Amino acid sequence: MVRVGNFFADLPDASGEEITQLLAAFPGARVERIVSQGQASPPDFWYDQAWAEWVVVLSGAAELLIEGEAAPRRLRPGDYLEIPAHVRHRVAWTDPGQPTIWLAVHGE
């Protein structure tokens, strides 16, 4: 079955909490749309995933902190990051004034 859609259509309201939507799943990978607006990872929380992740910001802005780095990486539209498995990271900031829309691809 062929599926079609528009990545920017029907955006959920993420002003209260970050929203993650599964767009596609294939053997070995899944694709998600993530919409954030003012959220950050809880203090002292770090993602430590058993799989690699590739993420791109398509609109809005965010800051992502990689464990061991002195400062967060600022991500603007078009900026992407490949995060290897077990590289601890956290979302330090997302733009509270507009939705930050991410495309995330997770290896499995």
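The first residue of the sequence shown is numbered 1, and numbering continues consecutively from there. The structure displayed is predicted, hence computed values, not measured ones.
The backbone N or O of A14 lies less than 3.5 Å from a partner atom in the side chain of Q39, making a donor-acceptor pair. Looking only at distances, a side-chain donor or acceptor of R90 sits under 3.5 Å from a matching main-chain atom of S41. The backbone N or O of G38 lies less than 3.5 Å from a partner atom in the side chain of T94, making a donor-acceptor pair. For the pair S36 (side chain) and E18 (backbone), a donor-acceptor distance under 3.5 Å is absent.
For the residue pair A92 and A40, the shortest heavy atom distance occurs at O-CB, 3.4 Å. Of all heavy-atom pairs spanning T100 and A61, the tightest one is OG1-O, 2.8 Å.
One hydrophobic cluster, built from ILVMFWY side chains closer than 4.5 Å, holds both L81 and V87. Hydrophobic clustering (ILVMFWY, side-chain heavy atoms < 4.5 Å, transitive): F26 and L23 are in one cluster. I66 and V56 end up in different hydrophobic clusters when Ile, Leu, Val, Met, Phe, Trp and Tyr side chains are linked at under 4.5 Å.
In this structure the side chain of V57 never reaches within 4.5 angstrom of the side chain of I101, judged on heavy atoms. Between V35 and D13, every side-chain heavy-atom pair lies at or beyond the 4.5 Å cut-off. In this structure the side chain of W93 never reaches within 4.5 angstrom of the side chain of P72, judged on heavy atoms. E53 has its side chain within reach of H89: a pair of non-hydrogen atoms, C-beta onward, lies under 4.5 Å apart. In this structure, Q21 and P12 have side chains that are in contact, with non-hydrogen atoms separated by less than 4.5 Å. The shortest distance between side-chain heavy atoms of F7 and L103 falls below 4.5 Å.
To the nearest 0.5 Å, the span separating CD1 on I19 from CD1 on I34 amounts to 11.0 Å. R88 CZ to I83 CD1: the interatomic distance, rounded to the nearest 0.5 Å, is 13.5 Å. Note: L75 CG to L58 CG = 11.0 Å, rounded to the nearest 0.5 Å.
Among residue pairs with one or both ends in residues 68-80, those qualifying as salt bridge (charged side-chain N to carboxylate O under 4.0 Å, His left out) are E63-R74, E69-R73; sequence neighbours excluded.
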Before giving the answer on side-chain contact (heavy atoms from CB on, under 4.5 Å), spell out for F8 and R33 the whole-Å C-alpha distance, their side-chain angles and the decisive distance to 0.1 Å. CA-CA 9 Å; F8 298 102; R33 175 174 74 176; 5.8 Å; no

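Scanning for ring pair (Phe, Tyr, Trp, His ring centres under 6.0 Å) contacts around W46 gives an empty result, with sequence neighbours left out.
Counting heavy atoms of neighbouring residues, nucleotides and ligands inside a 6.0 Å radius, atom CG of N6 exceeds 12 of them.
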